[in-house]
> 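One structure, as structure tokens, below. Some questions next.
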Amino acid sequence: MAYDTIVLGAGLAGMLAALGRSERGERVLVLAKGHGATHWAAGCIDLFGAATNPLAAVRDLAATQPTHPYALVGVTALEQGLARLRAACEAVGYPLVGSAERSLLLPTAVGALRPTSLVPATMVAGESRQLGDGRPTLIAGLRELRDFFPPLIAANLRAQGFTAEGVYLDLPPSTRHGAFSPMNFARLFEQPAFREQIGRQLADLVRRGGYARVGLPGCLGLHQATTVVRDLQTQSGALIFEIPTLPVSVPGARLFHALEQALVRAGGQMQIGAWVRRGEVQTEQLVAVYSEAAAREQRHTAQRWVLATGGIAGGGLRAEPTGEVRETALGLPVQVSAAQSAWLAQRFLADAGHPIFRAGVATDRDLRPLDAAGRVVYANVAVVGAAIAGFDPLREGCLEGVAVATGFAAGQH
Amino acid sequence: MDHRELALTQALDHCIKCNLCTSACPVVAVTDQFPGPKYVGPQAERFRRAGQPVPDASVDYCSGCRVCNQVCPTGVPIAELNARARGAMVAERGLPFRNWIIARADLVGGLSAGPQAPLVNLGLKMAPARWVIEQLLGIHHQAPLPMASTYRFRSWFKRHQAAQPATKGQVVYFHGCATNYYEPHVGQAAVAVLEHNGFEVILAEQNCCGLPLISNGDFKGATSAHAANVRKLLPYVRRGMPIVGTSTSCTLTLKEEAPEILGLHDEAVRAVAAGTYDIFEFLRQLAERGELKTDFRPMPRRLPYHPPCQYRAHRLGKPAMDVLALVPGLQLDESHADCCGIAGTYGLKREKYQIAQDVGQSLFEFVRRAGADLVLCDSETCRWQITHATGVPSQHPIEVLAAAYGLRR
Amino acid sequence: MRNIETEVLVIGGGATGTGCARDLALRGIRCVLVEKGDLTHGTTGRYHGLLHSGGRYVTKDPQSATECARENAILRRIMPHCLEDTAGFFVITPWDDPEYGDLFAANCLKTGVPAQELTLAEMLRREPALNPQISRVFEVQDGSADSFLATHATAQAAREYGAQILTYHNIIGLVREGDRVTGAVLEDLRSGERVQVRCAYVLNAAGAWAGKIAALAGLTVTVVPGKGTMVAMNHRMINTVVNRCKLPADGDILVPIHTVAVIGTTDVHVPDPDTFDITPEEIQLMLAEGEKLVPGFSQYRALRAWAGVRPLYKDVDGASDRDLPRTYKLLDHATRDGVQGMLSIVGGKWTTYRLMAEEAVNEVARYLGNTKPCRTAEEVLPVPVTAQRSPAPPLAGSAMRYPRHEPAAPDGPRLNGVRAPIGPQPIYGLDAGFYYLGQHLADVEREHAQDELICECELVTRERVLAALASGAANLDDIRRDVRMGMGPCQGGWCIYRTAALLFEQRVADGVSSANTNAALLHFLQERWKGLRPVLWGDQLRQARLDEQIYVGLLGVHRLQAIAEPGGGLVTDDSR
């Protein structure tokens, strides 16, 4: 079946690109190997970690780092992309709050404070300015959830000057006696009886401890998180905020669902489990890709393409023992700034990160892939998100921001 | 063990423990019995060793729906690893009689279909009989057992005359057990559509594809079933004739499951795999080449459609939707549900019936909400499950396509 | 200042030191063992885990070979729960001298190392991943050993007989009164307290550090630290120990142990046992040698690389490291240096640790006038609480019961006079109480403990982590050694966080603060990183990036550096 645009990859960048093109009336297909990086992240939109005004910092990049993906697509793409993402989340009743011109600091599951910019309404009550209002905070969890430890979170918050205590709640009776993953807890919280039991325990704790707000693990519902949080607030008499937990991150999954819904409504198609292994080229245009399928490959054709397969973590790039770094779907040239011996810093937490994770595909301002000599490889391909060379989305704290900006840009022009 | 064999074991190395498979697993979402695809798959596999006692039985709660494979970003063949582990367990502990019997689709079907079918069906509808079956065999008394047909598809085909001479060559039709014994009308529709498009349909000798044997861990039985099919189908494949099937699970077994899970990789097996197509995959290829007839009658209907997980496991997208989109007026609403729960024989079993019903909940709600008098799904056991749970009659999409062509049912 | 009076001070908490402590205690001799880190923190905890059959030494060092064969049989009897009965192959690949096979066979016979030639078909049936171009294969009684567990079991036995074991105690000085060593001054690293030990005898079992210890008494012992680099692969592509049938060289052993296969090793002379790097060339060499045994080896996922330092004693100059004698030496400083009351044990290997301890303690006992016989070869070791488990599940059906050793084809070459090692017996020695690969999986399954897994890769339950904490683990690395936490594919991606939080919850009442916990967490992350760095490509690089996503992206642990300070009873390398 012929498509106008095929997007490879179903992360934030790919989904926003697909959404943009679908809304322009194109016939769009998303091909993705599987679920990916969105489900591994906090479910917040990090724009520029270190900056107090991320938008201003992004604007400055044009002068200081002209090949940074933010600089390539410009600040307008970021602003418009954020607006589109917010609308998609709003449409499923899961609003994002915050501003691109201000960093928020949210507590993590170890009690550190992490900068980000847009956060789901279910998390915002944990922002550091609120935590620091002098009124006590309760961190509450369930022992059955292996990835949330209220005593340590609270102790680390106290070590940073906040008033906080940690407590374990009793697991309310339910149909479940095991398999207490974050996702299954999200399902349980969508059962009114379950969250009512939790709410009752919280109300009691709040009454006795005078807590202004309660931090809970980030698994308060998958599709009805806003309702769950609202109900718990009403019942407990305190503000409720979620703290994201280890992968799979339920808030991350919610972002994916919001975009999936938007794409389906816009008429886009998705094929998850389609592993694109190679492309077919005619006169510097990509005309088809082949995805792995039972007993044979499947050929897909389109007029234009968006490569949104991610970096090393997403699987868009793969490093070989020989030191070669491959772009896995189309075999595009990969720009690696460091020799293999310098890929990795001595210290895991070295401030500058590890040079290998800045590898990627170099692009021009239209996000078209470039070869080592700076020539456009395929004129009908746009590269978006973490697959782009020359930045470290994790260490720069711009994973979602770059995905949104470049994904949105590739969905427009 | 050749390099392909090693590759399957080696593929567990790709697991980065990210839990995406477990969070997407429809079985984990509803039961505590199954520790999840990551746990029983690449994780437990590092602790298993041929020749040592099988330490874990919980892998048996894997339904084999392959949603894990679908969402895995690193390419771990989780469902295959699970199937292998179950095979090792059966090899060590033996196959319970219940699983032995329900895995033998051709035996059971052969005994049921034919003039005696009304009697068999009557028996299966009677509560006391089902109670006895549950007690004796462990097949849940409410499990959606199919109704046997009073005639076999193969007998119908022998009497069948093509309406028009073939212009495009021959295709071999792989009907599978369900079409032969329970739903000959699916095969009739397939034959009609293929003949309408100018093909001569050949009915090769064939037997059960072996999938129920594989999913019940009877690898010995499955290996001989697959070997027999390869022997019977190979001559046609050698002559360049495609094998086309209407059962998504039969075609997946011929294409991939039998070779991969049973470790059969000789040239004949590969040739049959490469020559096998699901019918809508085949028709979509015709459409892409502009060779599919499009003399459809307008069909102003809006129908719910569920792409079964066994079809998604072909990793071809949604060929039935792509082809039916060509029918004027016909609009399909895709379920976006992961699985109906039945997973072949899984949901028939006493201890798994409720799991299967719970897994299918969101699909059943979708079907009920659609309010249509018909739901479409490519896989037979899924159709039976959906109809059982919702009361909404179900059809194979090929039946709707035949109707769109105005072909006699 | 604390004061301790004892008869014998044992220095070093590795296999030899704990073996000495147990032997002394069993003979009723009071002793104190002191170790600057956790037990097995040195070389014992950093070796590939091979229980030698002796085959490796039959030509080069016949005495070692014979000792290994004897000790192998003893260890199987006294610590089956610490061993896996994998059996071993010596294979002649196309890169090896085919002539060596006959010499190997003859020397096995001479040295009493049980060996039997197998047909190649039998070899490939048992180990299908092995190189089909291998031309000859001999089966021996190799196994794999959990050296952490074995040392803990040995220490527990020593304690049960009255020995005192002081971990995280650094030796600051040895006390010499004239020509006699009479004690030591220690520092308790957890509390900073000084400890004065008075004793009649000092047993220096510090392995690669023995020279440094001897120097504290003004003695010169030249130990050549020989760095051995190893790489652990993500899963066991082979289940039998595989040795190249040739004179010992680099990268010629592949050991299946627990869930991994370890290839090793190199042998590089390093000046200091505390500072050495793993070079990319060493990794490439290991992978290349692995390819010769298992085609496609370098495409398997490497988990981690590490190095241990062999304690090779140098009493003759000029020999290359590999040719230094493997046999251990007892240096009685009275006869050697005219200093009474001290013995240094140098050289040796894990498989013969018990024998070394026996002979060393014989000397000490003679000095002290103790005449009780050694009983370490008879008494079975206890099972530490972190390793307790139920017996292996019963074998159902008969299909899987096949004899371990199918005799070579009648017309094939055989070793006359050498019996098949054990002969047909219940498979893999499960009935004899050996560890087997599926053990933890069986335990978790039986206990329905899937939800309780803290380290999912290595199937470590909350209960076992808590048991490790309760038995005195001082930091995350100790817990790792006790229960294998963080040693699987994700190298701690999920479980370092979980274990740190559990550690905090368990120890908060003892005064451990979140700042101590943060320091321990950050320290352990860096420890894992050291082992990962040399092998980061492919899947493991992807894993490392996901782990970075977790610790930097989700948890922001780097932001804890400001509120991280070592202390509070948690000892790390940083604070040592």
Side-chain angles (χ1 to χ4, degrees), chain A residues 37 40-42 46 107-115 144 146-149 151-160 177-181 244-247 249 311-315 317-323 340-341 343-349 351 353-354 356-357 393-395 397 399, chain C residues 280 283-284 287 298-299 302 448 450-454 456 462 493-495 497-498 500-505 508 513-515 517-518 521-522 525-526 528-530 532-539 541-563:
Chain A
W40 295 334
D46 297 3
T108 72
V110 74
L113 293 175
R114 206 184 74 84
E144 288 74 10
R146 273 173 292 186
D147 293 322
F148 198 76
F149 298 89
L152 181 61
I153 300 171
N156 270 331
L157 288 175
R158 284 197 301 275
Q160 293 166 90
H177 304 94
F180 290 113
S181 62
T245 56
L246 267 49
S249 149
I312 298 274
L317 302 175
R318 187 173 174 91
E320 301 297 336
T322 52
Q340 189 176 9
S341 57
W343 277 3
L344 303 150
Q346 294 272 355
R347 286 183 53 245
F348 174 56
L349 294 177
D351 289 337
H354 307 289
I356 182 61
F357 300 127
L394 264 184
R395 298 306 182 107
L399 181 67
Chain C
I283 302 296
Q284 290 308 323
L287 296 181
S298 51
Q299 293 305 310
H448 302 290
Q450 289 94 348
D451 262 7
E452 290 291 309
L453 293 177
I454 297 302
E456 298 174 54
R462 189 188 305 249
W494 277 257
C495 64
Y497 161 67
R498 292 169 179 166
L502 286 178
L503 179 145
F504 173 70
E505 291 181 8
V508 68
S513 67
S514 70
T517 308
N518 297 342
L521 168 68
L522 295 169
L525 277 173
Q526 179 60 24
R528 293 280 87 187
W529 181 249
K530 279 189 205 161
L532 278 165
R533 256 183 99 233
V535 296
L536 287 187
W537 61 81
D539 294 317
L541 182 65
R542 192 172 186 181
Q543 181 77 63
R545 184 60 161 171
L546 179 60
D547 293 353
E548 189 180 336
Q549 161 71 33
I550 290 174
Y551 286 96
V552 173
L554 267 167
L555 295 172
V557 294
H558 54 305
R559 297 172 201 281
L560 293 176
Q561 280 162 344
I563 46 166

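Chain A is the first sequence line, chain B the second, and so forth, proteins listed ahead of strands; every chain is numbered from 1.
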> List the atom of A:Ala345, the atom of C:Trp529, and the distance in Å for their closest heavy-atom pair.
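In this case the closest contact between A:Ala345 and C:Trp529 is O-NE1, 3.0 Å.
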> Measuring heavy-atom distances to chain A, does C:Ile550 have an atom under 4.5 Å in its side chain, in its backbone, in both, or in neither?
side chain
> Drop me the distance from A:Glu144's CD to C:Glu452's CD, to the nearest 0.5 angstrom.
8.5 Å
> What part of A:Leu317 gets within 4.5 angstrom of chain C, counting heavy atoms only: side chain, backbone, both, or neither?
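Neither the backbone nor the side chain of A:Leu317 comes within 4.5 Å of chain C.
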> Quick one: what part of A:Arg395 sits under 4.5 Å from any heavy atom of chain C, side chain, backbone, both or neither?
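A:Arg395 touches chain C through side-chain heavy atoms alone.
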> Between A:Thr108 and C:Gly556, which heavy-atom pair has the shortest distance, and what is it?
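Nearest pair, atom of A:Thr108 first, then C:Gly556: CG2-N, 4.3 Å.
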> Considering only heavy atoms, which portion of C:Glu548 lies under 4.5 Å from any heavy atom of chain A: side chain, backbone, both, or neither?
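For C:Glu548, heavy atoms of backbone and side chain both lie under 4.5 Å from chain A.
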> Relative to chain A, which segment of C:Thr517 carries a heavy atom at a distance below 4.5 Å: side chain, backbone, both, or neither?
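Only the side chain of C:Thr517 comes within 4.5 Å of chain A.
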> Select, from A:Ile153, A:Leu399, A:Asp46, A:Leu113, the one with the greatest count of heavy-atom pairs under 4.5 Å involving chain C.
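Sorted descending by pairs with chain C, the first entry is A:Leu113.
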> Rounded to the nearest 0.5 Å, what's the gap from CD1 on A:Ile312 to CG on C:Leu546? Could you check?
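Here the rounded value is 12.5 Å.
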> Just by distance, do the side chain of C:Arg559 and the backbone of A:Arg114 share a donor-acceptor pair under 3.5 Å?
no
> Ignoring hydrogens, what is the shortest heavy-atom contact between A:Ala159 and C:Ile563? Give both atom names and the distance.
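So the minimum-distance heavy-atom pair works out to O-CG2, 3.8 Å.
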> Apply side-chain contact (heavy atoms from CB on, under 4.5 Å) to residues C:Arg545 and A:Leu394 and explain how you reach the verdict.
CA-CA 9 Å; C:Arg545 184 60 161 171; A:Leu394 264 184; 3.5 Å; yes
> Where the side chain of A:Arg146 meets the backbone of C:Leu453, is there a donor-acceptor pair that is under 3.5 Å apart?
yes
> For C:Ile283, is it the side chain, the backbone, both, or neither that has a heavy atom closer than 4.5 Å to a heavy atom of chain A?
neither
> Can you name the residues that form a side-chain contact (heavy atoms from CB on, under 4.5 Å) with A:Gln340, not counting sequence neighbours?
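side-chain contact (heavy atoms from CB on, under 4.5 Å) list for A:Gln340, sorted by chain: A:Trp343.
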> Compare every heavy atom of A:Ala109 with every heavy atom of C:Leu555, then report the nearest pair and how far apart it is.
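Reported closest heavy-atom pair: CD2-CB, 3.6 Å.
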> Looking at A:Thr322, is its backbone amide N or carbonyl O close enough to the side chain of C:Gln284 to form a donor-acceptor pair, meaning the two atoms are under 3.5 Å apart?
no
> To the nearest 0.5 angstrom, please state how far the CG atom of C:Leu560 sits from the CD atom of A:Gln160.
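C:Leu560 atom CG to A:Gln160 atom CD measures 7.0 Å (nearest 0.5 Å).
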> With a 4.5 angstrom heavy-atom cut-off, is it the side chain or the backbone of C:Arg462 that approaches chain A, or both, or neither?
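Side chain of C:Arg462 only, per the 4.5 Å heavy-atom cut-off to chain A.
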> Looking at side-chain heavy atoms only, is the closest gap between A:Leu349 and C:Val552 below 4.5 Å?
yes
> Between A:Pro393 and chain C, which part of the residue has a heavy atom less than 4.5 Å away: side chain, backbone, both or neither?
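Both the backbone and the side chain of A:Pro393 come within 4.5 Å of chain C.
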> What part of C:Asn518 gets within 4.5 angstrom of chain A, counting heavy atoms only: side chain, backbone, both, or neither?
side chain
> Most heavy-atom pairs under 4.5 angstrom with chain A, which of C:Gln526, C:His558, C:His448?
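It is C:Gln526.
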> With rounding to the nearest 0.5 Å, note down the distance linking CG in A:Asp147 to OH in C:Tyr497.
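Result: 6.5 Å between the selected atoms.
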> Test your reading of the model: is there a side-chain donor-acceptor pair from C:Tyr551 to the backbone of A:Phe348, 3.5 Å cut-off?
no
> Short question: side chain of C:Gln549, backbone of A:Trp40 - any donor-acceptor pair under 3.5 Å?
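Flag set: sc C:Gln549 to bb A:Trp40 pair under 3.5 Å.
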> Name all residues meeting the salt bridge (Lys or Arg N to Asp or Glu O under 4.0 Å) criterion together with C:Arg542; count only those two or more places apart in sequence or in a different chain, and write none if there are none.
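Partners of C:Arg542 under the salt bridge (Lys or Arg N to Asp or Glu O under 4.0 Å) test: none.
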> So which of A:Ala37, A:Ala155, A:Ala42 has the biggest tally of heavy-atom pairs under 4.5 Å with chain C?
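Among A:Ala37, A:Ala155, A:Ala42, the one with the most close pairs to chain C is A:Ala155.
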> Quick one: which of A:Ser181, A:Gly315, A:Pro244 has the most heavy-atom pairs under 4.5 Å with chain C, could you say?
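Highest number of pairs under 4.5 Å: A:Gly315.
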> Would you check if the side chain of A:Glu320 reaches a backbone N or O of C:Trp537 as a donor-acceptor pair within less than 3.5 Å?
no
> Taking every heavy-atom pair that is under 4.5 Å apart, which of A:Pro151, A:Ser341, A:Ser249, A:Ala112 has the most such pairs with chain C?
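Counting heavy-atom pairs under 4.5 Å, the top option is A:Pro151.
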> So, for C:Leu554 and A:Pro247, which heavy atoms are closest and what is the spacing to 0.1 Å?
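Scanning both residues, the minimum pair turns out to be CD1-CD, 3.7 Å.
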> At a 4.5 Å cut-off on heavy atoms, which part of A:Thr245 comes close to chain C: side chain, backbone, both, or neither?
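Just the backbone, heavy atoms under 4.5 Å.
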> Please report the shortest heavy-atom distance between C:Ser514 and A:Asn156, naming the atom on each side.
OG-OD1, 2.9 Å
